[in-house]
Amino acid sequence: MTFDRFANSGFRLNKRDFLAVGAGGALSMPALLNLVRPARSADTGVLNVASYGGSYGEAFRKAWLDPFQEETGIKVNLGANASLSLVKLQQDNPSGSEWDIVDLFTSEYYLAVSQNLLAPLDPSTVDVSQILPEYVKSHGFGYALYIWARGYNKSAVAESHIPESWREFWEVGKIPGRRSLASGDGQTLEAALLADGVPIGEIYPLDVDRAFRSLDRLGKGNILWANTYQEPVQHLISGEVPLAGIYTGRAIIANRDGADIGLSAKEGLVSGDFISVVQNARNKKEAFQLMNYMATRGDRAAEFTALTSYAVPHADVERLLPANANDVRALLPTNPDLRDNLLVSDADWWIANLESVKARFLEWQVQ
């Protein structure tokens with residue numbers, strides 16, 4: 001659970017948007033234009049989808065939007081930098097929201113539902129029977145899932161010492177060296193509780209005091225804080241740490257580029273994005289057609305998963321993945337061998353407790 005994704009004001013980049021950022025750190029002009037320009041209302045029949053830019057947006061278009069447009073004749077405009085703020089800005093538009101579909105992080109989805117910003121799913125219009133039930137909600141469904149797991153430097157960690165749990169990850173005596181952990185993510189606290197022996201089914205409500213006692217046991221001196229999603233990859237490749245909390249997709253992409261990062265995903269922490277129709281969307285009928293397409297087309301879901309390493313929780317994804325995506329297959333949250341050993345964050349708990357826990361976590365880091 002990423003603290004920064006709960007912020008409701010101001011512009012922010014997320015783990016995908018860095019792909020649309022130039023070397024100077026500023027958004028490129030195409031990304032900026034996509035952010036502020038949906039298709040004009042005069043362009044009848046154009047469905048406006050707010051998701052993300054860069055290579056993620058390219059994969060989204062290739063796997064979902066281009067085939068949908070070709071098969072239905074409905075034109076689709078894809079914009080970057082989807083957020084709860086974007087949806088809220090559209091609510092007071094007297095002619096309806098300029099964006100029809102929005103891609104929201106889990107926490108943002110729950111906030112949007114509580115604020116009546118999203119349209120409820122109509123089961124007669126959107127068939128979600130092929131989406132795993134734990135990812136189907138009242139106003140949308142999870143479509144891009146990823147795991148925060150234990151990564152290890154294969155040159156530094158013997159096969160007999162691969163950490164198969166967060167408890168083993170915490171054992172500095174067994175595997176000497178610092179651990180790379182996320183400085184701004186709630187996953188670090190969830191991992192701390194798992195390391196202290198709390199079963200996955202009893203993590204929530206989060207015992208914050210116990211989580212910090214577990215971090216005390218690990219010790220600040222044994223932690224190298226990662227401030228971006230890419231830093232754990234760099235920490236492992238450089239040899240600065242033998243172990244890191246890391247998103248599996250980042251490790252997979254790094255390994256495709258020549259890195260040699262090992263992954264241990266049991267007790268992995270699942271996060272993801274939801275796809276939903278905006279409550280006052282101008283093109284609701286077409287929007288729900290696209291939602292139904294995404295919920296029912298296992299072949300498209302498999303292509304999106306292969307392209308991005310983000311899992312679509314469709315029942316047929318694993319069967320339909322291409323042979324060249326074997327590096328993704330074993331690390332999918334939908335993998336039956338892994339599914340029962342993963343923790344899905346409780347977004348409602350984080351919405352209620354975010355500010356106090358975030359302040360305490362940051363204070364603990366600097367004490």
Side-chain angles (χ1 to χ4, degrees), residues 14-20 34 47-72 74 76-82 100-106 109 121 126-132 134-137 140-147 229 247-253 255-256 265 270-277 287-335 338-339:
N14 58 46
K15 59 189 167 293
R16 300 191 198 113
D17 296 327
F18 80 98
L19 296 167
N34 278 335
L47 185 61
N48 287 305
V49 178
S51 184
Y52 302 95
S55 62
Y56 184 89
E58 292 171 6
F60 192 98
R61 176 166 289 285
K62 181 178 180 181
W64 299 116
L65 304 187
D66 288 346
F68 174 79
Q69 185 168 295
E70 183 178 346
E71 293 177 30
T72 65
I74 298 171
V76 185
N77 171 59
L78 178 65
N81 293 292
D100 302 301
I101 288 179
V102 65
D103 179 341
L104 295 174
F105 188 69
T106 305
Y109 163 80
L121 284 180
V126 181
D127 177 7
V128 292
S129 62
Q130 297 172 72
I131 301 294
L132 297 182
E134 59 263 44
Y135 299 108
V136 177
K137 305 300 178 184
F141 55 86
Y143 89 98
L145 310 178
Y146 30 88
I147 301 175
Y229 296 105
Y247 281 107
T248 54
R250 293 281 179 156
I252 289 169
I253 292 169
N255 286 343
R256 287 175 180 176
V270 181
S271 297
D273 283 23
F274 276 74
I275 197 82
S276 299
V277 174
F288 281 120
Q289 280 183 257
L290 176 56
M291 291 279 287
N292 185 65
Y293 187 85
M294 294 178 69
T296 57
R297 290 294 295 269
D299 56 336
R300 302 284 94 221
E303 180 169 5
F304 177 81
T305 298
L307 289 170
T308 64
S309 81
Y310 296 127
V312 180
H314 188 284
D316 293 333
V317 162
E318 286 187 73
R319 179 176 62 83
L320 296 173
L321 274 177
N324 62 0
N326 285 333
D327 54 351
V328 174
R329 193 184 309 275
L331 295 166
L332 295 178
T334 53
N335 183 333
L338 196 57
R339 187 176 167 190

*Starting at CG of L121, measure out to CE of M291 and round the result to the nearest 0.5 Å.*
5.0 Å
*Write down the atom of G142, the atom of I131, and the distance for their closest heavy-atom approach.*
O-CG2, 4.5 Å
Side-chain donor-acceptor contacts of residues 321-328 below 3.5 Å, not counting sequence neighbours, with atom names and distances?
from : atom 1 : to   : atom 2 : distance (Å)
N326 : OD1    : R329 : NE     : 3.2
N326 : OD1    : R329 : NH2    : 3.2
N326 : ND2    : A323 : O      : 3.1
D327 : OD1    : R256 : NH2    : 3.1
D327 : OD2    : R256 : NE     : 2.7
D327 : OD2    : R256 : NH2    : 3.3

_Working for salt bridge (charged side-chain N to carboxylate O under 4.0 Å, His left out), residues E71 and R297_ = CA-CA 12 Å; E71 293 177 30; R297 290 294 295 269; 2.9 Å; yes
*Ignoring hydrogens and angles, state whether a donor on the side chain of Y143 or D103 is under 3.5 Å from an acceptor on the partner side chain.*
yes
*Gap between atom CD1 of I74 and atom CG of L47 - 0.5 Å precision*: 7.0 Å
*Is there a side-chain contact between D100 and V49 (heavy atoms, below 4.5 Å)?*
no
_Distance-only side-chain donor-acceptor flag, N292 / D127, under 3.5 Å_ = no
*Find out whether L104 and D273 are in side-chain contact, i.e. whether some heavy atom of one side chain is under 4.5 Å from a heavy atom of the other.*
no
_Holding to ring pair (Phe, Tyr, Trp, His ring centres under 6.0 Å), I want the full list of residues that pass it with Y293, two or more places apart in sequence or in another chain._
F68
_Looking at every non-hydrogen atom in both residues, tell me the closest pair between H314 and T296 and how far apart they are._
NE2-O, 3.5 Å
*Between F304 and W64, how do the two ring planes meet: parallel, tilted or perpendicular, split at 30° and 60°?*
tilted
*Just do the ring pair (Phe, Tyr, Trp, His ring centres under 6.0 Å) check on Y310 and Y56 with the steps written out, would you?*
CA-CA 10 Å; Y310 296 127; Y56 184 89; 5.7 Å; yes
_Heavy-atom closest pair, residues L320 and G298_ = CD1-C, 3.4 Å
*Nearest non-hydrogen partners of G272 and T106, listed with the distance*: O-OG1, 2.8 Å
*asked:* As an exercise, state the distance from CD1 of I275 to CE of M294, rounded to the nearest 0.5 Å.
replied: 4.5 Å
*Does some side-chain heavy atom of V277 sit less than 4.5 Å from a side-chain heavy atom of L290?*
no
_To the closest 0.5 Å, what do you measure between CG (L65) and OG (S51)?_
8.0 Å
*Looking only at heavy atoms, what is the nearest atom pair of A287 and I101, with distance?*
O-CD1, 3.4 Å
*Could you state the interatomic distance from CD1 (I147) to OG (S309), rounded to the nearest 0.5 Å?*
10.0 Å
*Please confirm whether the backbone N or O of V102 pairs with a side-chain atom of S276, one donor and one acceptor, at under 3.5 Å?*
no
*Counting only N and O atoms by type, is there a donor-acceptor contact under 3.5 Å from the side chain of Q69 to the main-chain atoms of V76?*
yes
*R61 and E58: salt bridge (charged side-chain N to carboxylate O under 4.0 Å, His left out), yes or no, with the steps?*
CA-CA 5 Å; R61 176 166 289 285; E58 292 171 6; over 6 Å; no
*For Y146, does its backbone N or O pair with a side-chain atom of S271 as donor and acceptor, under 3.5 Å?*
no
*Using the salt bridge (charged side-chain N to carboxylate O under 4.0 Å, His left out) rule, take R339 and E134 through it: C-alpha gap first, then chi angles, then the decisive distance, then the call.*
CA-CA 11 Å; R339 187 176 167 190; E134 59 263 44; 2.8 Å; yes
_Using the ring centroid of each side chain, check whether Y135 and F141 are separated by less than 6.0 Å._
no
*asked:* Show the nearest heavy-atom pair for residues P313 and T334, with the distance to one decimal.
replied: CA-CG2, 3.4 Å
